[in-house]
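Everything below concerns the one structure shown next.
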Amino acid sequence: MDKKGNDQFVQHIAKRSEDFPQWYTDVVLKTDMMDYSDVRGCMVIKPYGYGIWELIQQQMDKRFKETGHVNAYFPLFIPESLLMKEAEHVEGFAPEVAWVTHGGSEKLAERLAIRPTSETVIGAMYSKWIQSYRDLPVLMNQWCNVVRWEKSTRPFLRTSEFLWQEGHTAHATFEEAQEETMRMLEVYAEFAKNVLAIPVLKGRKSEKEKFAGAFATYSIEAMMQDGKALQMGTSHNLADNFAKGYDIQYLSKDGKLEYCYTTSWGSSTRMIGGLIMVHGDDRGLVLPPRVAPIQAVLLPIAAHKPGVLERARELLAALRAAGIRAEIDERDQSAGWKFNQWEMKGVPVRIELGPKDIEQNQAVVVRRDDLQKQFLSLDALPAQILTMLDDVHEGLYAKALGMREKETITATSFEELYEGVQHGFVRAMWCKDTACELAIKEKTGGASTRNMPFDEPAFSDVCVHCGKPAQSVTYFAKAY
RNA sequence: CGAGGUGUAGCGCAGUUUGGUAGCGCGUUUGGUUCGGGACCAAAAGGCCGCUGGUUCAAAUCCAGUCACCUCGACCA
């Protein structure tokens, strides 16, 4: 690269098309979102990245309140005996649990697991709290951190410690639990669309991939720009599996002792990784406006000239008064340098204000998504920026949806399916997912029915998702 | 856990083949000129060459061990 920079921050990033993993890492590190810590696989989220997370939290929490959930907090440590009560759950999580063995210098009589997820502790509490059908449903959520000792890690996508929310609910019947499971899956899908500008597929996971201990697991999956799938939220119907393990019972109206039906659902800082990989381009990050910590950055041009800075600060105040998260960059750097830096950081809208603009009562406004430049009058600028932010959101969503549709094929044979998942999603028919007996019925092609050789070795690295939207088709994708 | 790669200044790297004063670019600090797409000049600061041991008069460099990180597998609600 022949471009010169006067800040280490301004370095070229890898070409997205040539080296997607490297591009992703570059974007994460060079946009000042996170850093590596000394503990392997643990991330440090820096203020810019955390700002995104705060906006995600706010907007998601608002949705949880609307669906009647309340926030609570449960312990970080889970005694080993408590964790062991649900057999499938233990088996699934055992390989990735971190253990506390000592308190100070004394060895503990019983090891403490650092929560990989909280069904177990929360189940134990629910067992105390729930006595009667009048106590149901219990609808709670907690925002917290969890630890999973992963073998390999990637920033935001899979870290040893991560931040998330986990919802835990208890209901009187299986049907109510199922309804809750689907309701929250829908909340996630709506959130992905309207806040993150990411189109997602809703689907049910295969038996092999479902949450350890769940009756059924549903997820939302998005396609990244390399064609791979990323799970961006899950919702589990736990049926009465955990209620039986943790003795969550209630006395029904007609005086019978019954087990509860529980659900759990979660989404994490992985969503940040997802939005980087869905929207980013060769210039760096592209943030969807609703989670952008800075929605509009104001760059005074030739700021040393009289009046420029003053006018720019007035404009900043006007933007903020309109509810726009705006910042001004008054640093003593060249204009070109600032353009590049804020583009890399993905700020949705850039506003340039120089002496010539002030003369003509206008500003130069540039959208991050298409880099189109326009000259707008200063008078109505805040209102126009607000509209523009919505346009950017819609534009990003449409672009991501277009990409996904382009990279999704419909398969009518195993060969097509296998070929398709190498670079995108595949639509294929799904019947029932029972252990190793899987059958595919062709529907879209309208032709014959055949059995799918799911036990072929080539298929082992394919992540299977079953979605059941309107057209009743099935989605398969190669996953991260 | 398998295969490959990398550890040298805040960041990116050269130097290791052939042992001999620790180098370059960017950034940082100071002063000045600039300022509408990655500015320029001048000066300065900044290093347990991942760690441990060995060979040697002498090790960033050779040998052995070890640790960490990265990529790809495996694994992963």
Side-chain angles (χ1 to χ4, degrees), chain A residues 1-14 19-22 24-26 29-30 32 35-41 88-89 91-97 116-117 119 146 148-155 157-160 164 166 204-221 231-238 264-268 270 283-284 299-305 308-309 330-344 350-359 362-364 366 371 373 375 457 460-461 463 465 479-480:
Chain A
M1 292 286 137
D2 55 355
K3 287 171 177 172
K4 290 179 187 171
N6 50 3
D7 183 355
Q8 69 182 56
F9 181 83
V10 183
Q11 296 163 346
H12 71 277
I13 55 176
D19 191 348
F20 198 75
Q22 185 60 49
Y24 174 75
T25 307
D26 280 359
L29 295 178
K30 291 177 181 174
D32 223 24
D35 201 353
Y36 292 115
S37 76
D38 293 337
V39 180
R40 185 181 171 283
E88 261 185 50
H89 186 68
E91 202 183 316
F93 278 101
E96 47 186 283
V97 169
T117 178
E119 277 75 7
V146 289
R148 296 177 189 183
W149 214 257
E150 302 285 0
K151 290 192 175 77
S152 69
T153 61
R154 285 190 72 189
L157 301 180
R158 183 177 298 114
T159 45
S160 299
W164 76 344
E166 47 178 328
R204 181 175 168 176
K205 292 220 161 199
S206 67
E207 285 301 301
K208 179 176 173 289
E209 298 219 326
K210 75 178 185 185
F211 177 75
F215 170 79
T217 288
Y218 300 83
S219 72
I220 55 169
E221 305 276 337
Q231 174 185 308
M232 300 194 61
T234 49
S235 187
H236 317 291
N237 182 348
L238 306 175
S264 68
W265 26 274
S267 63
S268 70
R270 173 185 277 185
R283 285 169 178 263
L299 304 183
I301 306 292
H304 59 288
K305 298 212 167 136
V308 174
L309 211 47
E330 297 185 6
R331 288 174 300 173
D332 187 20
Q333 298 286 358
S334 74
W337 182 85
K338 288 182 187 176
F339 295 164
N340 281 283
Q341 177 167 22
W342 291 110
E343 276 165 13
M344 188 182 272
R350 178 176 83 231
I351 304 167
E352 305 166 23
L353 188 71
K356 291 179 208 164
D357 300 314
I358 294 171
E359 265 174 44
Q362 66 172 25
V364 180
V366 183
L371 297 172
K373 191 179 271 198
F375 299 86
S460 64
D461 67 336
C463 171
H465 299 284
Y480 278 96

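First the proteins, then the strands, lettered A, B, ... as listed; each starts at 1. Side chains included, hydrogens not; waters and symmetry mates left out as well; all remaining heavy atoms used.
- Across the P atoms, B:C40 and B:U34 are found 15 Å apart, a figure rounded to whole Å.
- Across all strands shown, B:U71 pairs with B:A3; the Watson-Crick or G-U wobble distances both stay below 3.5 Å.
- For the P atom pair drawn from B:U6 and B:U17, the interatomic distance equals 15 Å after rounding to whole Å.
- Applying the side-chain hydrogen bond (donor to acceptor under 3.5 Å, both in side chains) rule to A:E343 yields the partners A:R283, A:R350; only residues at least two apart in sequence or on another chain are considered.
- If you check every strand for non-hydrogen atoms under 4.0 Å, A:G354 touches a base.
- As the counterpart of B:C76, no nucleotide is assigned, since no Watson-Crick or G-U wobble pattern has both distances under 3.5 Å.
- If you check B:C76, B:G36, B:A39 against the side chain of A:W337, the one that comes closest is B:A39.
- Here the closest heavy-atom approach between residue A:D357 and residue A:E352 is recorded as OD2-O, 3.6 Å.
- Comparing the same atom, C1', in B:G7 and in B:C75 gives a spacing of 27 Å after rounding to whole Å.
- Ranking B:C35, B:U71, B:G36 by closeness to the A:D332 side chain, first place goes to B:C35.
- Within 4.0 Å (heavy atoms only), A:P95 reaches no atom of the nucleic acid at all.
- As the counterpart of B:U29, B:A43 is assigned, both hydrogen-bonding distances of the Watson-Crick or G-U wobble pattern falling under 3.5 Å.
- Evaluation of the side-chain hydrogen bond (donor to acceptor under 3.5 Å, both in side chains) rule for A:Q22 yields A:D26 as partners, not counting sequence neighbours.
- Evaluation of the side-chain hydrogen bond (donor to acceptor under 3.5 Å, both in side chains) rule for A:E88 yields no partner, not counting sequence neighbours.
- Residue A:E352 places its side chain closer to B:G36 than to any other of B:G36, B:U71, B:G37.
- When the P atom is used for both B:U28 and B:U61, the distance is 33 Å, rounded to whole Å.
- Residue A:E343 is classed as a base contact, given a heavy-atom separation below 4.0 Å to a base.
- Applying the side-chain hydrogen bond (donor to acceptor under 3.5 Å, both in side chains) test to A:S264 and every residue at least two apart in sequence or in another chain returns A:E119.
- Rounded to whole Å, the P atom of B:A42 lies 38 Å from the corresponding atom of B:A59.
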**Report entry** Under 4.0 Å protein heavy-atom contacts per nucleotide of nucleotides 1-7 of chain B, with B for base, S for backbone only and - for none
**Finding:** -------

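- In a base pair of the Watson-Crick type (N1 to N3 plus N6-O4 or O6-N4) or a G-U wobble (N1-O2 and O6-N3), with each distance short of 3.5 Å, B:U34 is matched with no nucleotide.
- Residue contacts shown for A:Q22 are absent, as no nucleic acid heavy atom lies under 4.0 Å away.
- Checked against A:Q341 for a side chain to side chain donor-acceptor pair (under 3.5 Å), the options A:K30, A:R331, A:Q333 give a single hit: A:R331.
- No side-chain donor-acceptor contact under 3.5 Å links A:S219 to the backbone of A:E221.
- Across all strands shown, B:A60 forms no Watson-Crick or G-U wobble pair with both key distances under 3.5 Å.
- Counting only heavy atoms from C-beta on, A:H304 has its side chain closest to B:C35 among B:G37, B:C35, B:C76.
- Within the shown strands, nothing qualifies as a pairing partner of B:U55 under the Watson-Crick or G-U definition with both distances less than 3.5 Å.
- Comparing B:G36, B:G37, B:U71 against the side chain of A:R154 picks out B:U71 as the nearest.
- For A:T25, whose side chain is taken as the heavy atoms from C-beta onward, the closest listed nucleotide among B:G36, B:G37, B:U71 is B:U71.
- In a base pair of the Watson-Crick type (N1 to N3 plus N6-O4 or O6-N4) or a G-U wobble (N1-O2 and O6-N3), with each distance short of 3.5 Å, B:U21 is matched with no nucleotide.
- Residues meeting the ring pair (Phe, Tyr, Trp, His ring centres under 6.0 Å) test with A:F93, sequence neighbours left out: A:H89, A:F211.
- Of the listed nucleotides (B:A39, B:C72, B:G37), B:C72 has the atom at the smallest distance from the side chain of A:P21.
- Within 4.0 Å of A:W164, counting heavy atoms only, lies at least one base atom of the nucleic acid.
- Rounded to whole Å, the C1' atom of B:G23 lies 7 Å from the corresponding atom of B:G15.
- Only the P atoms considered, B:C57 is 50 Å distant from B:G73, to the nearest whole Å.
- For CH2 of A:W164, the number of neighbouring non-hydrogen atoms (other residues, nucleotides, ligands) closer than 6.0 Å is greater than 12.
- Residue-level contact check: A:K305 touches neither bases nor backbone, having no heavy atom under 4.0 Å from any strand.
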